[in-house]
Amino acid sequence: MADKAISSTQSTALVRVGPSRVSSALARNRLGVSSIVFFIVSAAAPLTVIGSGAVLAFANTKTIGIPIAYAVIAVVLALFAVGYVAMSRHITNAGAFYTYVAQGLGRVPGVGASFVAVVAYNAMQIGLYGGFGAVLASHLTTWFSWNVPWWALALGAWLVIAVLGVLRIDFNSRVLAVLLTAECLIMLVFNVVGLTNPAGGTITFDSLSPANLITASVGALLVTAVTGFVGFEGGAVYAEESRDPKRTVAQATYIAVAFVGVLYAVSAWALTVGVGPNNIVAAATEQQADLIFNFNAGFLGQWIVDIGRILIVTSLFAALVSFHNTVARYLFALGRERVLPAGLGSTSRRTGSPYAGSLTQTALAFVVIILFAVIGLDPLIDLMFIGTTFGGLGVIILMALTSVSVIGYFSRRTDTGENTWHKFVSPGIAAVLLLAVLWLTLDEYSILLNLPAEHPAVWILPSSFAVFGVAGIAWGAYLKSRRPATYAAIGLGANSVIGRASQDLPRRTDSSGVIPSITSPGLAMGPIRHEVFRVGSDHPVGPVSRVLSEAFVTGEIAEWLVPNPEHRRRIYPAYWAMAVEHALGAGEVFAGGELSGVSVWYPAVFGPPNGMPRDLDQRIDVMCGPYAPRFHALHRALQKAHPTMPHHYLAFVAVLPELQGRGIGTALVQHRLRELDIAAMPAYLEATNRRNLALYVHLGFQPTGSPIPLPENGPRLYPMWRPASVHRGL
């Protein structure tokens, strides 16, 4: 029963619907589990972490405990991931941390978290340019006696990343796959060398002893370890572009945490075995980032070590690409919801990339690189080391806040299907442990930076996150008081445009429960944007069900179901709310022209479509009273006539009455048909009257079988079938 709401249209012209500038523009179905793992692990930059971060931790903390610190932090982050990915199954949003805080603790704290996230991830990304330029410049001087300024090399990488940032996300993932594979292979070779050539001829496990964490430098060890994992949480950032985000994000996150945790712990331990636990601190202090290469050169020869030096540069480049994409998507999410300028929410219709956020991050990185070059600051220490450490601190704050948010989110929802371990126990433990790590980090921040305790940076850098967080909270409070439509859409992600539009929908104002006619100038008189948005499962039911209720409240089917108009207007809101509630979880809901039209689809690939809740009969009896038998008869007739071969079922398409005839309904149907054509999947619907047959014929449907009669001299419905790929050019 699809289409009464798009009847009475004079135009059946096909409206071309490209990728949306909002939700669907972050092109769906481009990233699988492996692609997201490449992004996550590339952000971690394993070779850089071990060759530089771990070695500097040995030198700065004067302890050998970094291998066990990596193992402990992997466990902590695995606990964090349990609640994090549980939330990702219910919220699909490129804003990740920001969205989770907004939906778990409230919109105002969510805006505060968004400011912290933007600063932290920009610090991580831009800081890596200093390391890339300085390390590559050093190699060029050693190998070819070329004295190339670090900033020139950094700008070379900046230009390439600027181009990659506006290309398809799956192309970026293929680039990272090549770089990361080579990086991990060389690390495997280095680990084998260390473990097969132990100092003193004996493999020792001293650096893996938990006793190494009972030291005055434990905070510096733990935060160094956490910084090495930063980026693992990025899976949720790519949820909107992934295949089956409820499954993909969870699998990719768990795989990444396990892989990186084992890789870090084993690699750092293998280095202590090869150099010797009693020698590692002195060697790291003397040789710094050259230690891992100098050690392996004695066993592998200079050529393979030089390959390792090249790969540490590509490791930094891969991390730059990964963090650039993360920042671009955060800016996109905030622009889409108008927390930041709306222009940041624009995406490329050709590639689906968030080009506005990407170019903004590119411009900011350019300014910082030039500024550091002009002032003459050290690219390795001042830009990379301090910048990435500062960003890592921000991510620890966000993770602790998100763990609390997970508990807040699930405490208000009882129908999520998640168990107590996912909702409360694991995130609660993770919150306590992350807060402990945060306290230790702040307490030993001077050790971490290798600066005197009285140095201004020791207190200015951590305090800046409080400043940015408070600024974000103040901005959120301003939006709440002065821009209520924007405030209402915070945290809705791909639903934000619909959320804003829903503010213009009518509210019940009379005692009869009748929904008044819609007279909002913003919807009824403004130009209709034929853009189609996927409505997420976390979107409120009311704004969507109102469209269906208003659209279907008149017509032959409605008059047959509930002859009394007053009773119909009382029954329909509850009936359509039930239908939409089920569709958001079991089907696919799309909105067009902001929230002026809605379509509901159900996949029927492995059996009949799951088009209504299991307790449908009981709920109809309660809602519809004396009219329940006719609702039961309608559903039985539709079910009996439904085809059995695989297809997708267009259950409903509806447009607000005063906006019918503008092509919105056609755009909604055509948008999904184009996706089904690509998948070579047939479609099926029931037209509610003969007038709409011509429209569906234009879209490739043909009548199939006999019309479906309804009892008691009821109207007829017309089943229509559309073979796969009949209009591939739509």
Side-chain angles (χ1 to χ4, degrees), residues 22-23 26 83-118 121 233-240 245-246 249 326 329-342 344-345 354 357 397-399 401-413 416 423 427 469 471-503 533-544 584 589 591 594-595:
V22 183
S23 61
L26 280 180
Y84 186 67
V85 301
M87 209 158 177
S88 76
R89 286 191 282 268
H90 303 275
I91 300 174
T92 301
N93 192 329
F97 282 148
Y98 145 68
T99 305
Y100 293 178
V101 174
Q103 297 221 17
L105 297 181
R107 296 181 178 93
V108 171
V111 177
S114 75
F115 279 38
V116 172
V118 169
Y121 282 111
E233 74 290 343
V237 175
Y238 302 100
E240 294 182 42
K246 294 182 180 181
V249 172
T326 298
R329 279 152 182 78
Y330 262 102
L331 294 176
F332 163 79
L334 293 168
R336 174 174 59 187
E337 299 181 11
R338 300 183 185 177
V339 174
L340 294 181
L344 293 171
I397 295 171
L398 290 168
M399 286 193 294
L401 195 59
T402 299
S403 292
V404 178
S405 301
V406 171
I407 298 172
Y409 176 81
F410 286 116
S411 65
R412 297 194 300 272
R413 292 163 175 82
T416 59
K423 295 189 296 185
I473 289 173
W475 180 242
Y478 171 82
L479 294 176
K480 182 178 182 179
S481 62
R482 299 298 181 88
R483 300 183 187 177
T486 297
Y487 178 78
I490 290 173
L492 293 181
N495 301 317
S496 59
V497 172
I498 303 170
R500 286 191 296 273
S502 70
Q503 302 304 303
F533 313 104
R534 176 72 178 270
V535 181
S537 60
D538 54 322
H539 192 276
V541 169
V544 182
L584 289 173
V589 182
E594 295 195 341
L595 197 56

Note to self: Which residue in the set Thr99, Leu334, Val101 passes side-chain contact (heavy atoms from CB on, under 4.5 Å) when paired with Ser114?
What the structure shows: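 Only match with Ser114 under side-chain contact (heavy atoms from CB on, under 4.5 Å): Leu334.
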If the condition is side-chain contact (heavy atoms from CB on, under 4.5 Å), which residues does [X] pass it with, not counting sequence neighbours?
| X | value |
| --- | --- |
| Ile473 | Val108 |
| Leu398 | Phe97, Ala113, Val116, Ala117 |
| Ala102 | Ile490 |
| Ala236 | Tyr84, Ala96, Tyr100, Val249 |

Grab the two heavy atoms, one from [X] and one from [Y], that are nearest each other, plus how far apart they are.
| X | Y | answer |
| --- | --- | --- |
| Pro540 | Pro543 | O-CD, 3.6 Å |
| Tyr487 | Gly476 | CD1-O, 3.9 Å |
| Val406 | Lys423 | CG1-O, 4.0 Å |
| Leu331 | Leu344 | O-CB, 3.5 Å |
| Gly491 | Tyr98 | N-OH, 3.6 Å |
| Trp475 | Val111 | CD1-CG1, 3.9 Å |

Item checked: Nearest-0.5 Å distance, CG of residue Leu479 to CZ of residue Arg107 ->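 It is 11.0 Å, given to the nearest 0.5 Å.
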Next item on the list: Starting at CZ of Arg338, measure out to CZ of Arg483 and round the result to the nearest 0.5 Å.
Entry: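 The CZ atom of Arg483 is 10.0 Å from CZ of Arg338, to the nearest 0.5 Å.
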Next item on the list: Using the ring of Tyr238 (Phe, Tyr or Trp, six-membered ring only), decide whether Arg329 places NZ or CZ under 6.0 Å from its centre and within 45 degrees of its axis.
Entry: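 So Arg329 doesn't make the cation-pi contact.
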Notebook entry, point to check: With sequence neighbours left out, which residue pairs that include part of residues 88-102 fulfil the salt bridge (charged side-chain N to carboxylate O under 4.0 Å, His left out) condition?
Noted result: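 Pairs touching residues 88-102 that pass the test: Arg89-Glu418.
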Checklist line | Flag if over 12 foreign heavy atoms under 6.0 Å of CZ, Arg482 | finding: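 Check fails, neighbour count at 12 or below.
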Next item on the list: Output all residues satisfying ring pair (Phe, Tyr, Trp, His ring centres under 6.0 Å) with Tyr409, sequence neighbours left out; order by chain, then residue number.
Entry: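 Scan of Tyr409 (ring pair (Phe, Tyr, Trp, His ring centres under 6.0 Å), adjacent residues dropped) gives none.
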